[in-house]
Structures are given as C-alpha cells and as structure tokens.
Amino acid sequence: MTAHDRNIGTDRPRIRALDEAAINRIAAGEVVERPASAVKELVENAIDAGATRIDVAYADGGKSLIRVTDDGCGMAPEDLPLALTRHATSKIDGTDLLSITSFGFRGEALPSLAAVGRLALTSRAAGGEGACLSVSGGRADPVKPAAIRRGTVVELRDLFYATPARLKFLRTDRAEAQAIADAVRRLAMAEPLVGFTLRDVTGGGEGREVFRAEAGQGDFFDALQARLSRVLGPDFAANALRIDTAREDVALTGFAALPTYSRGAATHQYLFVNGRPVRDKLLSGALRGAYQDVLPRDRHAVAALFVELDPTRVDQNVHPAKTEVRFRDPGTVRGLIVSALKHALAEHGHRTSSTVSDATLGAFRPEPEGPRVYQMDRPRPGSSRPARPPAPEPGFAETSAVFARVDAPAPDREAGDAPTTPPESQPLGAARGQIHENYVIAQTEGGMVIVDQHAAHERLVYERLKRQMAERGVAAQALLIPEIVEMGEGEAARLLDIADDLHRAGLAVEAFGAGAVAVRETPAILGEVDAAALLRDILDGLDDGTASLAARIDAVLSRMSCHGSVRSGRRMGAAEMNALLREMEATPRSGQCNHGRPTYVELRLADIERLFGRT
C-alpha cells in the first residue's frame with residue numbers, strides 16, 4: 001500500500017463521536033482564522049450588547065493578548081458558563097433563522113475562542129454583581145466574584161496555544177496588527193454612534209493608541225460623515241457624494257467618492273448589508289459597473305455604502321465568518337446601486353476631486369533650499385538705482401511662442417440693455433490663453449482653471465454619442481469610397497457579430513472577403529476619422545470581457561469619442577475655447593475623461609499667492 005492509499009484499509013472503520021474539545025477546535029478553525037477574526041467576533045458581541053463605548057487592546061499582533069472592554073448590558077454570574085457553551089445565544093430563540101437583526105446569532109464565537117486560547121470573561125449587569133470565568137484550552141474554572149463596572153471585559157491570551165500548528169500559518173505581528181485595525185475600522189464605520197479605541201499594548205503599560213473615534217452626534221448622515229472623515233481621512237469627506245435613495249423597500253445610503261478620487265486597488269470599498277460589513281461579489285460588481293464609464297480598468301472607486309432591506313430578503317447564514325450574504329432578489333439590489341451612483345455622478349456635473357488641485361500645487365512648489373530672498377530685498381551696494389533686469393535666457397523667445405493669448409472683445413450692448421453675466425463668474429471662468437496647444441487657461445473670480453482640451457472634449461463627445469444613441473441612434477455619414485480594413489479572421493468575425501450594434505452607433509461595416517471588413521459609414525459627429533485605427537480601438541475595448549449589451553455599446557462609443565475629440569497640438573480660438581468651457585459646465589461627468597483622468601485643475605488665487613510668498 002502506497003502513501004497515497006492511507007485512507008484505504010482492510011478493516012471496516014468505526015464511527016465514533018468526537019469529544020467536546022475536538023468539536024470546539026474544529027469550530028474555531030472555521031470561525032477564528034486569525035487574531036483579527038477574534039477581534040471582529042468580540043466587538044460584534046459588544047455592539048449587540050448595546051455598548052456605546054468599546055475599547056480594544058492587543059499585543060504582538062493579537063497573538064499573545066486581545067482584550068475587548070465595553071459598557072453594554074453585561075451578564076449575570078449564572079449566565080457566564082452558558083455563554084461559553086456552543087450554540088447558546090441571547091440573539092435569537094431558534095424559531096426563525098431568517099429575521100436576523102443582530103451581528104451574532106450562532107453562539108459559536110466565545111466557545112471557539114475558549115477552545116484554542118486562554119479566555120477570561122468578566123461581566124456585570126445593571127443592578128447585579130460582577131463575576132469572572134476563566135477557560136484554558138476548553139477547560140473552565142469555577143465562576144469567581146470580580147470588581148467591574150457595568151459591561152463586559154473579554155481577555156484572550158495565547159491564541160492558538162492549544163493548536164500550535166495554526167500559529168505557523170499566521171503572518172508577522174505587523175501584518176496581523178494591520179488586519180485587526182482594518183476590522184475595527186470597518187465596524188466603526190458600521191456603528192458611527194458608538195465610540196471606539198484601539199491600542200497596541202505590546203511590551204506592557206498603556207501602550208500606543210492606534211485608532212480613536214468618538215461617538216457621533218446628530219442624525220445618521222452627520223455622524224457617518226464625521227466617522228468616515230476620521231477613518232478614511234478628510235480628503236474622502238471633501239470629495240464624496242452623498243447617496244440616499246430607495247427602491248422596492250431596499251434602501252441605499254452612504255457616500256461615494258468622485259471618479260478622480262480613486263485608488264489602484266479595491267481596498268477602500270466598504271460595503272454593509274443591514275449594518276454588517278460584508279465582502280460580496282454582487283455588491284462590488286455593482287459598484288464597478290456604476291463607475292465603468294468614468295474609471296479605467298486599473299483604477300477602483302472609493303465608497304462606503306449601506307444597503308438596508310427586510311432581513312427575510314437576505315440570507316446572512318452563508319459563511320462561517322458571516323462576511324458573505326445571499327439576496328433573494330439580487331437584481332433589485334444591483335440595479336439600485338448602479339442607478340443611484342450613476343445619477344449622483346451625473347448630478348454633480350463637471351466637479352472634480354480637490355486632491356487634483358492639491359497635487360498640482362505640490363508640483364509647483366520648489367524644493368526648499370533655505371530661506372527665500374527675493375530680488376527686491378537684496379542690498380544694492382554703491383548705487384540707489386534699481387537693479388538691471390537680467391538678460392533673458394537662451395530660448396526664451398522661442399518658448400514664449402507656445403502661449404496663445406486671448407483678448408475677448410467687450411460685448412456690444414445697446415443703451416439700457418441689462419449687462420450680461422461676466423464669463424469669469426461662470427464655474428470654469430473665461431478663457432485667457434492656450435499653452436502648448438493642448439491646455440486652455442481660464443480665469444475665474446477666485447482663481448484660475450487649466451483644462452486638458454483633448455480629455456475634456458473626449459468626454460463631451462462621448463456624452464453626445466450616448467444621448468444620440470438613446471434617442472434615435474447615432475447619425476452616420478456615408479463614405480464616398482468604402483474603406484477596406486485588413487485584419488485577422490477572428491477579429492473580423494468579432495466585429496461582424498456586433499455589426500447591428502455598430503450600425504446603431506453610426507458605424508456600418510460588412511464582410512469583405514476573408515479577414516477583412518469594409519467600412520461604409522462612420523458617425524457624423526466624428527468628422528474625418530481613420531477607420532482602421534478606430535476598428536482596432538473598438539476591438540481592444542471589447543477585450544474587457546463585459547457580457548452585457550449596454551456595456552459593449554458604451555465601450556464602442558467610448559473608443560469612438562477618443563477619435564472624434566479635439567487633438568493635442570491644435571490651436572483653438574477664443575470662441576471655441578469658451579464654448580468648450582460652457583459645454584463642460586453643462587455636461588454630466590465632464591470632470592474626468594473616459595479613462596478616469598481629470599479634465600481640468602482649479603487653483604485658488606490664495607494658493608497661487610502663497611506659491612509666490614505674497615501672504
């Protein structure tokens with residue numbers, strides 16, 4: 001018999017019941033994967049107990065100590081042994097496993113922790129006496145009196161000491177500490193009216209405060225915004241859109257960031273179902289779909305969204321760690337998220353992230369080289385005459401040619417006519433020039449705006465194409481001589497498979513032998529285009545693997561708009577630049593191009609003056 005046949009024997013195996021200690025260790029392997037899992041379970045218990053203040057302390061990444069203190073309802077001395085019994089809980093009575101409104105409901109966390117570590121449970125209910133129960137490796141000591149205020153303290157030491165093999169799978173202390181901090185921050189976002197403190201007490205003493213969030217005040221949105229500002233930073237709060245909508249008894253609330261405030265990974269997406277932090281593919285997919293028009297593939301939205309619905313319409317008993325859910329009607333939930341976020345993004349029009357301007361100012365600031373001394377402050381020995389201006393550096397005359405100045409003529413008005421609104425008072429101001437034949441400089445009442453003409457026009461053309469497509473189909477112009485485009489047979493087949501969709505988008509293609517297509521019509525809005533380059537870009541857009549018809553059409557229109565937009569290197573006149581600014585102000589999502597890059601940067605006059613030391 002080889003080593004691979006070790007489960008096959010000649011004798012009939014006997015069936016035996018496992019002892020309670022083994023059962024609890026197996027359960028602990030499902031519920032408690034790492035120290036962060038233990039912290040999550042204990043903090044959720046504290047929230048279920050009605051705590052308004054929760055303090056968490058850990059040492060050595062949670063491997064040697066985890067302590068959670070709360071001011072909740074507490075437990076009576078006679079309840080402590082029962083709390084450490086598997087499937088004993090005060091959250092449900094077992095008659096209805098669908099209407100679950102609490103974080104915990106299985107009664108597995110405390111006995112699982114007691115089976116793999118040294119657990120001390122100290123608690124006191126209002127009007128009762130304090131008591132303590134210690135358990136080590138599943139063996140409990142007698143209940144003892146203890147001095148404690150109302151609430152509960154759970155202290156877990158030497159996690160996985162009873163199952164040392166599990167310790168080998170834990171990561172470094174730093175990585176485990178980061179996972180604990182992430183778990184506490186997620187729960188802090190879920191409960192903005194509860195105060196949280198997280199401390200690292202490695203080495204003893206009071207330790208180091210890692211995170212603190214005071215209990216929020218006011219209504220839910222005020223408390224949530226303050227909590228998100230504390231957890232995700234003030235930049236998120238300044239660049240987030242408020243979401244508050246409902247459909248078919250499903251409510252969606254929270255905040256979602258502008259597309260230009262994005263991240264390179266999906267680690268800043270926080271999703272909650274009935275207050276429970278979850279990692280759900282349906283919800284994250286809906287979030288990705290809502291931003292697909294305004295973010296490139298390698299960027300991810302930042303959001304904290306809360307889905308509230310009848311508990312009977314969602315199954316929360318899917319995963320041992322309760323991080324996954326299953327909806328009875330997933331289409332309604334997904335549709336609500338996509339439509340609500342798209343509406344919010346469109347409603348905020350041309351707005352872009354303030355962090356774009358901050359980064360621009362940072363790029364303008366020179367490296368510090370000691371205190372600045374300006375020319376006017378320098379002593380001029382031997383003469384009271386002003387210093388002679390320095391000669392221009394070589395190449396100055398040539399570089400000045402890249403700036404095209406705009407002097408807008410004064411508007412003609414008859415006597416008695418009401419004065420028109422000055423362009424500077426518009427959100428994007430009045431065009432004052434164009435540099436490097438790509439960037440439009442505009443003056444506003446409070447500063448200046450720099451616009452990337454190609455990126456901005458690309459978004460405008462894209463939105464026009466989508467409007468035409470929705471209303472009547474994109475207007476097409478017939479080519480006098482059809483353009484024949486050679487390509488691989490597989491690529492040609494893929495284009496011909498969506499020929500009807502392309503025709504609705506204003507692009508008429510038909511087969512022209514093996515591995516070639518003939519382009520007979522192109523969208524009129526694009527003007528003269530390179531049909532071969534356009535088809536190659538459309539094929540690249542279809543490589544995304546998106547299955548829905550609407551997404552395929554949007555990908556085609558996005559590629560088309562890039563070919564029909566104002567190119568870099570084109571000199572624009574004053575009227576054309578101002579028309580671009582006005583259309584940006586009136587067009588939804590014009591703050592970023594189709595690839596998620598910002599279309600403009602706004603600099604306040606006060607910031608510009610600080611750059612020159614005028615404040």
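Side-chain atoms of Thr197 and Arg53 form a donor-acceptor pair, as typed in the model, at a separation below 3.5 Å.
Checked against ring pair (Phe, Tyr, Trp, His ring centres under 6.0 Å), Tyr291 has no partners two or more places apart in sequence or in another chain. Residues passing the side chain to side chain donor-acceptor pair (under 3.5 Å) test with Glu583, sequence neighbours excluded: Arg464.
A distance of 9.0 Å separates CG in Leu428 from CG in Leu580, rounded to the nearest 0.5 Å. For the atom pair CG of Leu345 and CD1 of Ile243, the computed distance is 7.5 Å after rounding to the nearest 0.5 Å. Between the OG1 atom in Thr260 and the CZ atom in Arg299 there is a gap of 10.5 Å [rounded to 0.5 Å]. With rounding to the nearest 0.5 Å, the separation of CD in Gln225 from CZ in Phe236 is 9.0 Å. Put simply, CG on Leu287 and CG on Asp280 are 12.0 Å apart, with the number rounded to the nearest 0.5 Å. Rounded to the nearest 0.5 Å, atoms CG (Leu156) and CG (Leu113) are 5.5 Å apart.
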> Which is it for Leu341 and Leu305 under the side chain to side chain contact (heavy atoms under 4.5 Å, CB included) test, yes or no, and what are the steps along the way?
Replying inline: CA-CA 10 Å; Leu341 292 178; Leu305 299 176; 4.1 Å; yes
>> side chain to side chain contact (heavy atoms under 4.5 Å, CB included), that's the test. Do Phe327 and Thr332 meet it? Break it down for me.
In response: CA-CA 9 Å; Phe327 297 100; Thr332 299; over 6 Å; no
> Stepwise, does the side chain to side chain contact (heavy atoms under 4.5 Å, CB included) test hold for Ile54 with Glu191?
Replying inline: CA-CA 11 Å; Ile54 301 174; Glu191 296 291 334; over 6 Å; no
>> One pair to check against side chain to side chain contact (heavy atoms under 4.5 Å, CB included): Tyr58 and Arg67. What are the steps and the verdict?
In response: CA-CA 6 Å; Tyr58 66 87; Arg67 183 171 59 242; over 6 Å; no
> Given Glu585 and Arg582, is the salt bridge (charged side-chain N to carboxylate O under 4.0 Å, His left out) satisfied, shown in steps?
Replying inline: CA-CA 5 Å; Glu585 294 165 352; Arg582 301 291 82 79; 2.9 Å; yes
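Between the Asn274 side chain and the Leu309 main chain, a donor and an acceptor come within less than 3.5 Å of each other. Formation of a donor-acceptor pair under 3.5 Å by the Gln592 side chain with backbone atoms of Leu295 is not found in this model. In this structure, Glu176 contributes its side chain and Arg171 its backbone to a donor-acceptor pair below 3.5 Å. A donor-acceptor pair is defined here as one N or O able to donate and one able to accept, closer than 3.5 Å; such a pair exists between the side chain of Ser123 and the backbone of Gly151. Here the side chain of Arg504 pairs no donor or acceptor atom with the backbone of Ala499 at under 3.5 angstrom. Distance alone, capped at 3.5 Å, places no donor-acceptor pair between the Arg34 side chain and the Leu170 backbone. Proximity of a side-chain donor or acceptor of Thr587 to a complementary backbone N or O of Met584 within less than 3.5 Å is not detected. At distances below 3.5 Å, at least one donor-acceptor pair connects side-chain atoms of Thr599 with backbone N or O atoms of Ser590. Here the side chain of Arg313 pairs no donor or acceptor atom with the backbone of Asp329 at under 3.5 angstrom.
More than 12 heavy atoms of other residues, nucleotides or ligands sit less than 6.0 Å from atom CG of Asp219. More than 12 heavy-atom neighbours from other residues, nucleotides or ligands sit within 6.0 angstrom of CZ on Arg212.
Counting heavy atoms from C-beta on, the side chains of Val302 and Asn239 never come closer than 4.5 Å. Between Asp222 and Gln217, the closest side-chain pair of non-hydrogen atoms is not below 4.5 Å. Leu495 has its side chain within reach of Met487: a pair of non-hydrogen atoms, C-beta onward, lies under 4.5 Å apart. A 4.5 Å side-chain heavy-atom check between Glu521 and Leu507 finds every atom pair outside the cut-off. Using a 4.5 Å cut-off on side-chain heavy atoms (C-beta onward), Asn45 and Val154 make no contact. Between Val68 and Thr152, the closest side-chain pair of non-hydrogen atoms is not below 4.5 Å. For the pair Val194/Thr52, no side-chain contact is recorded, criterion being any heavy-atom separation below 4.5 Å from C-beta on. The closest side-chain heavy-atom distance from Val43 to Ile47 is below 4.5 Å.
Nearest heavy-atom pair, Phe211 versus Arg230, reported as atom, atom and distance to 0.1 Å: CE1-CG, 4.3 Å. For the residue pair Ala286 and Arg334, the shortest heavy atom distance occurs at CB-CG, 3.6 Å. Closest approach of Thr245 and Ala340 over heavy atoms only: CG2-CB, 3.5 Å. Of all the heavy atoms in Asp71 and Ala51, the pair that sits closest is OD1-CA, 3.3 Å. Gly591 and Tyr600 make their closest contact through CA-CE2, 4.2 Å (heavy atoms, listed as atom of the first residue, atom of the second, distance). Shown here for Met189 and Phe272, the closest heavy-atom pair between the two residues is CB-CZ, 3.8 Å.
Figure legend: cation-pi geometry between Arg263 and Tyr261, with NZ or CZ positioned under 6.0 Å from the six-membered ring centre and within 45° of its axis.
Tested against Asp182 for a side-chain hydrogen bond (donor to acceptor under 3.5 Å, both in side chains), the candidates Arg185, Arg186, Gln178 yield a single pass: Arg186.
Between Arg459 and Glu463, at least one side-chain N (NZ, or NE/NH1/NH2) sits under 4.0 Å from a carboxylate O, which counts as a salt bridge.
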